[in-house]
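Whatever order the structure lists them in is the order used to number ligands and atoms, beginning at 1.
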Amino acid sequence: DQHEINSAESLLFDLESIRIATDNFSDANKLGEGGFGPVYKGTLENEELIAVKRLSRNSGQGLVELKNEVLLLVKLQHRNLVRLLGCCLKSEEKLLVYEYLPNTSLDKFLFAHDITSSNSNDQILYIDGADSSKRMQLDWATRFKIIEGIGRGLLYLHEDSRLKIIHRDLKASNILLDANMNPKISDFGLAKLFGVDETQRNTSRIAGTYGYMAPEYAFYGLFSIKSDVFSYGVLILEILTGQKNSNNYQGSSSSECFVDLITQVWQNWTQGNILQIIDQNLVDHCPTQEALRCMHIGLLCVQEDPVQRPTMANIVIMLNTHSVSLP
Ligand code: ACK
């Protein structure tokens with residue numbers, strides 16, 4: 001409608017100014033490869049830092065996803081969603097411009113990465129040298145803040161924006177972190193707008209990331225707010241354990257290993273062996289009740305039956321309810 005067109009028009013960026021900001025898309029400014037092409041860091045004339053997604057040429061599907069991202073993000077505003085500053089869609093270049101988030105993706109903080117290959121020197125939380133896994137230190141309070149912030153962002157998508165948006169590709173590499181380690185959900189290329197009364201949709205084109213995909217989506221192409229809740233559960237468990245979910249629904253032997261691992265750890269925890277459950281990188285002074293609560297919520301979210309999984313509204317309440325009863 002006209003309102004949408006107006007807001008999209010106000011987002012238009014001039015190609016030349018982005019060329020200047022990114023030093024003509026120089027390699028030195030390249031942050032990495034995203035879903036539909038490279039992402040560059042840039043500095044606008046007013047010193048504001050930006051991240052620019054550039055569509056790779058001849059990427060037919062990428063163009064669909066890029067337009068989907070603009071049309072949805074333009075309607076959304078929340079502290080836990082990445083902010084789209086503008087786009088450039090008319091010329092030979094297809095670009096999306098976002099706020100720059102100096103701590104980049106959560107993925108880097110959780111799993112082993114070679115930090116020497118990073119060309120950005122403004123990431124603040126590296127543990128240098130000694131730790132062979134080269135993961136970055138995340139204390140418990142930060143992990144909780146990240147879990148909660150993602151939860152609030154998802155709740156907004158599912159319910160509070162007055163739209164019903166299913167993200168469909170929630171994963172650690174799509175969570176960006178600002179200078180204060182507040183999480184922002186990014187990558188809306190696969191997101192879908194649902195009608196108010198619509199509860200689930202069937203697709204024959206299953207796109208997303210194995211390991212985070214709810215089984216009903218991976219196997220039958222059914223997606224709903226509850227398939228996002230499943231992915232959020234996997235994320236919570238990854239944030240708590242620092243282990244990547246290797247569940248890929250392919251090999252029979254590995255098919256349930258992550259949930260098995262977590263369940264085992266959970267049993268250890270409830271037997272009082274609490275400190276073993278959490279990532280070895282966590283500081284010793286873990287407020288165990290909070291960590292337990294998150295673990296419990298994560299396990300509720302990854303239940304096989306979508307009906308049994310809580311909604312994001314339930315989850316945000318549970319995250320903040322200190323007396324929630326644990327099984
Ligand atoms: O994990 P990273 O360092 O964080 O590598 C990926 C890469 O670009 C490709 O997606 C980084 N990235 C994406 N969007 C942003 C942003 N808004 N601010 C900072 N880094 C970003 C992401």
Legend entry - In one Ile/Leu/Val/Met/Phe/Trp/Tyr side-chain cluster, 4.5 Å: Val82, Leu190: no
Inset, instruction - Below 4.0 angstrom from a heavy atom of Tyr100, which ligand 1 atoms are there? Numbered from 1 as shown, please. - result: 18 (N), 19 (C)
Inset, instruction - Group every Ile, Leu, Val, Met, Phe, Trp and Tyr by side-chain heavy-atom contacts under 4.5 Å, then state whether Tyr98 and Ile20 land in the same group. - result: no
Inset, instruction - Determine which pairs satisfy ring-ring contact (aromatic ring centres under 6.0 Å, His included) with at least one residue from residues 68-88, sequence neighbours left out, and list them in order. - result: His78-Tyr156
Inset, instruction - Please could you name the atoms of ligand 1 that Ala51 approaches to less than 4.0 Å, counting only its heavy atoms? - result: 15 (C), 16 (C), 17 (N), 18 (N)
Inset, instruction - May I have all residue pairs that pass ring-ring contact (aromatic ring centres under 6.0 Å, His included) and include part of residues 164-185, sequence neighbours excluded? - result: His167-Phe188
Legend entry - Numbered atoms of ligand 1 (with element) below 4.0 Å of Gly34, judged on heavy atoms: 9 (C), 10 (O)
Inset, instruction - Please work out which of Leu176, Val39, Asp187 has its closest non-hydrogen atom nearest to atom 22 (C) of ligand 1. - result: Leu176
Legend entry - Part of Glu33 with heavy atoms under 4.0 Å of ligand 1, whether side chain, backbone, both or neither: backbone
Inset, instruction - May I ask you to check if ligand 1 and Tyr98 share an N or O to N or O distance below 3.5 Å? - result: no
Legend entry - Non-hydrogen atom of Glu99 closer than 4.0 Å to ligand 1: yes
Inset, instruction - Measure the shortest side-chain to side-chain distance between Leu106 and Pro183 over non-hydrogen atoms and say whether it is less than 4.5 angstrom. - result: no
Inset, instruction - For ligand 1, indicate whether the residue Lys108 contacts it via side chain, backbone, both or neither (heavy-atom separation under 4.0 Å). - result: side chain
Legend entry - Mode of Ser105 contact toward ligand 1 - side chain, backbone, both, neither (heavy atoms, under 4.0 Å): both
Legend entry - salt bridge (charged side-chain N to carboxylate O under 4.0 Å, His left out), paired with Glu65, selected from Lys94, Lys53, Arg168, Arg205: Arg205
Inset, instruction - Establish, from distance only, whether the side-chain atoms of Asn314 and Thr311 form a donor-acceptor pair under 3.5 Å. - result: yes
